[in-house]
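Encoded as structure tokens, the structure appears first; notes follow it.
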2 protein chains.
Amino acid sequence: MIGASTAIAGVGATDFSSDSGRSELQLALEAILAALEDAGVSPEDVDGMVTYTLDTSPEWEIARNMGTGPLTFFNRVPHGGGAACGTIAQAVMAVKSGAASTVVCYRAFNERSGRRFGIGPQEGNAPTAEMVHLGWHRPYGHLSAGSWVGMYARRYMAKYGATSADFGRVTVAMRQWAATNPAARFFERPLTLEEHQASRWIAEPLRLLDCCLESDGGVAFVVTSLERARDLRKPPVVVSSVGQISAPGQERMTGYYLRDDLTRLPEVEMLGGQLWRESGRSRSDVDVAVVYDHFTPMVLMQLEALGFCAPGEAAAFVADGHLGRDGSLPTNPNGGQLGEAYIHGMNGIAEAARQVRGESVNQVASVETALVTSGTGVPTSAMILTADTDRP
Amino acid sequence: MIGASTAIAGVGATDFSSDSGRSELQLALEAILAALEDAGVSPEDVDGMVTYTLDTSPEWEIARNMGTGPLTFFNRVPHGGGAACGTIAQAVMAVKSGAASTVVCYRAFNERSGRRFGIGPQEGNAPTAEMVHLGWHRPYGHLSAGSWVGMYARRYMAKYGATSADFGRVTVAMRQWAATNPAARFFERPLTLEEHQASRWIAEPLRLLDCCLESDGGVAFVVTSLERARDLRKPPVVVSSVGQISAPGQERMTGYYLRDDLTRLPEVEMLGGQLWRESGRSRSDVDVAVVYDHFTPMVLMQLEALGFCAPGEAAAFVADGHLGRDGSLPTNPNGGQLGEAYIHGMNGIAEAARQVRGESVNQVASVETALVTSGTGVPTSAMILTADTDRP
């Protein structure tokens with residue numbers, strides 16, 4: 001766990017759509033240039049870049065197209081949405097260790113109009129460790145994220161008596177937020193629980209509306225030292241604590257056999273403990289949460305793993321309206337990936353940063369501390385962002 | 001550029017072969033367990049892992065098979081052999097910033113018996129930035145690394161009057177070293193220049209014996225703080241300076257149009273300058289060099305980029321025997337990737353570490369400082385390793 005002396009100084013995004021009409025490289029560049037503009041930093045100042053292993057736009061293409069000087073730091077973070085806060089973690093490490101001073105984190109894809117993750121195996125059949133591993137799952141129809149997550153969801157229902165409606169209330173809460181966010185795919189389109197319950201099965205017990213959107217778009221950030229961020233255009237969003245975890249028994253969304261309790265997320269539990277410890281914040285300090293919502297049941301499990309509810313009590317917590325505008329834990333005020341767009345978690349980080357700055361369209365009152373999580377069931381990452389209250 | 005307070009504490013490798021008979025995961029585990037044994041560190045102590053984006057064995061598979069505790073740091077380094085020292089750079093950043101304390105860097109593949117890089121395009125045809133880029137090169141037969149490097153080599157010949165024999169002398173020097181290294185593929189098989197000259201064209205002006213081996217195998221390292229390394233089994237190999245560079249006009253081995261002079265390697269020039277500056281060492285301090293030798297002409301260009309020779313003079317430098325046992329710059333004493341094996345640069349790092357420890361089979365006398373480079377023509381990395389002479 002690292003943090004405290006670094007900040008997000010710039011936030012940028014493209015529009016979110018189901019058919020961008022542009023290349024993934026174009027989307028990445030648009031998002032990055034917007035983030036640089038937001039920070040008031042020029043492309044020549046950028047000396048480090050981080051993206052996902054799944055991103056198709058290499059940093060040298062970005063640098064060349066954008067007119068960046070030499071890069072002295074670059075890497076990629078694996079495991080899909082688990083990488084979201086992990087990109088910020090890499091940037092923080094680079095800045096803290098002196099490897100780079102101005103790092104761009106980005107993720108851009110045509111996940112709806114191009115390669116869709118939900119359509120099943122696309123990795124080929126090379127005799128790699130991952131393919132051998134998946135060979136134990138694919139013959140049983142476990143071909144995509146929805147099918148893997150369905151297993152966790154089913155166990156959660158069996159153990160705690162949760163219902164499809166309990167999952168649906170997560171989507172309803174997200175769509176409520178999205179309805180007042182003009183950037184959201186579901187702007188002005190709130191959802192009723194009845195509509196959720198009428199939506200078709202994708203991988204039982206997951207309905208269509210338990211699954212996040214598929215979206216085209218890009219999001220980018222500028223990370224630099226807190227000291228430097230204070231001299232830039234916008235108020236710094238302090239990376240108070242950020243970390244990655246790959247927990248014992250970790251697999252890539254298929255951890256059914258090695259763990260005693262499928263309804264728990266040990267990597268999220270560990271991250272939570274570390275975040276509170278390192279940031280000096282507690283659960284009650286969290287003014288806004290961004291909880292990775294690729295699938296509704298995982299939101300419930302994350303709320304429990306982070307200690308906002310006791311095990312099995314998240315459904316009631318959601319039903320009581322705690323995730324909403326007047327709740328005790330306003331969550332995903334952008335509408336989340338169920339309501340705004342699915343940009344692999346990066347749009348959630350953007351919303352957390354906006355909330356800390358006080359510039360969100362769905363602004364929560366006086367936000368000082370935001371919690372952000374990343375993809376679940378995989379090696380993942382999380383962070384605490386805070387306002388720059390210690391400014392000298 | 002970062003370094004100085006961290007060290008390589010363990011070095012491990014498998015045998016090198018053309019048909020390992022084991023999975024890439026097995027090779028990775030063998031190399032890592034050997035590195036941990038070498039350092040005297042147990043698998044449970046490992047809390048970070050780094051490998052190449054091209055590696056097929058994810059850290060969670062490694063961790064699970066090896067019995068590692070939670071990992072708090074993991075990423076991947078892109079650009080094939082350009083990643084070699086880059087993996088050490090990531091580990092150093094993690095240790096310096098506090099993200100992890102004991103990081104394993106690894107690379108293992110069946111590059112000869114499995115997926116061979118030399119057989120041409122294997123990336124599919126998705127409309128990604130890299131595929132669009134390669135669309136400008138593939139129609140002209142530029143399908144693999146050899147064909148790309150041939151362009152640089154041809155220009156070098158035209159500009160400086162270099163000949164195929166000049167390239168061949170690099171291979172002869174490497175094979176001389178390999179001949180006395182039992183771990184080398186070419187152990188006891190030195191090469192004559194005549195044999196080099198008789199070898200067939202791969203991509204003119206590159207002959208078969210200008211191209212590195214294709215090999216199965218794995219290499220791994222344990223990186224930790226210098227302070228902790230001093231308490232471990234073997235003398236620390238200090239990472240005195242390590243860095244990555246993606247230079248202006250950078251492409252992935254196809255930078256023919258954006259750069260004024262194809263015979264220069266600006267990323268290596270920049271790395272060199274930074275290494276000397278940060279490590280406080282100069283060229284004359286280098287007791288042993290490990291120069292990335294995927295293709296012979298690139299060795300010449302690197303010697304020039306690093307300032308060991310003036311532009312155009314590396315061929316004479318090699319002909320004068322400077323890379324050999326009694327030369328002024330003993331280079332690749334393991335036999336390099338032309339003589340020992342092609343493990344994507346990681347076996348060169350292992351040799352540099354052994355030289356600093358004084359435990360190589362081809363030990364150079366009293367090595368205090370070793371220079372290591374990584375793949376060329378791509379965003380790359382380099383480092384200076386030194387003996388622990390400042391030990392209190």
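Sequence lines set the chain letters: A, B, ... in the order given, protein chains first and strands last, and positions in each chain run from 1.
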Exercise for the section: Report the relative orientation of the aromatic rings in F109(A) and H344(A); use parallel for angles under 30°, tilted for 30 to 60°, perpendicular for over 60°. Expected result: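 The arrangement is tilted - the two ring planes meet at 30° to 60°.
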Problem - Plane angle bin for H137(A) and H142(A) - parallel if under 30°, tilted between 30 and 60°, otherwise perpendicular - result: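 Rings of H142(A) and H137(A): tilted, 30 to 60°.
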Handout entry: Leading residue by heavy atom contact count with chain A [cutoff under 4.5 Å; candidates L25(B), N75(B), L258(B)]
Key =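 The answer is N75(B).
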Check whether [X] gets within reach of chain A through its side chain, its backbone, both or neither, counting any heavy atom under 4.5 Å.
X: E61(B); answer: side chain
X: P58(B); answer: side chain
X: T53(B); answer: side chain
X: R64(B); answer: side chain
X: T87(B); answer: neither

Exercise for the section: Compare all side-chain heavy atoms of R107(B) with those of F221(B) and state whether any distance is below 4.5 angstrom. Expected result: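 Result no, sub-4.5 Å side-chain heavy-atom pair not found.
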Handout entry: Side-chain touch V378(A)/P78(A), heavy atoms, less than 4.5 angstrom
Key =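 No - every pair of side-chain heavy atoms lies 4.5 Å or more apart.
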Practice task
Decide whether D45(A) and T102(A) meet the rule of one side-chain donor and one side-chain acceptor closer than 3.5 Å.
Solution key: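 Checked: D45(A)/T102(A) side chains show no N/O donor-acceptor pair below 3.5 Å.
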Problem - Pair S225(B), E227(B): side-chain N/O donor-acceptor within cut-off below 3.5 Å - result: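 Side chains of S225(B) and E227(B): no pair found under 3.5 Å.
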Exercise for the section: Count the heavy-atom pairs under 4.5 Å between each of M49(A), E267(A), H133(A) and chain B, then report the option with the highest count. Expected result: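 Highest number of pairs under 4.5 Å: H133(A).
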Handout entry: Contact leader toward chain B among E59(A), E251(A), Q26(A), where contacts are heavy-atom pairs under 4.5 Å
Key =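 Most heavy-atom pairs within the cutoff with chain B belong to E251(A).
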Practice task
Measure T51(A) against the heavy atoms of chain B and call it side chain, backbone, both or neither at under 4.5 Å.
Solution key: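 Contact with chain B is absent: no heavy atom of T51(A) under 4.5 Å.
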Handout entry: R112(B) and D216(B) ion-paired at < 4.0 Å
Key =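 Salt bridge between R112(B) and D216(B), a charged N being under 4.0 Å from a carboxylate O: no.
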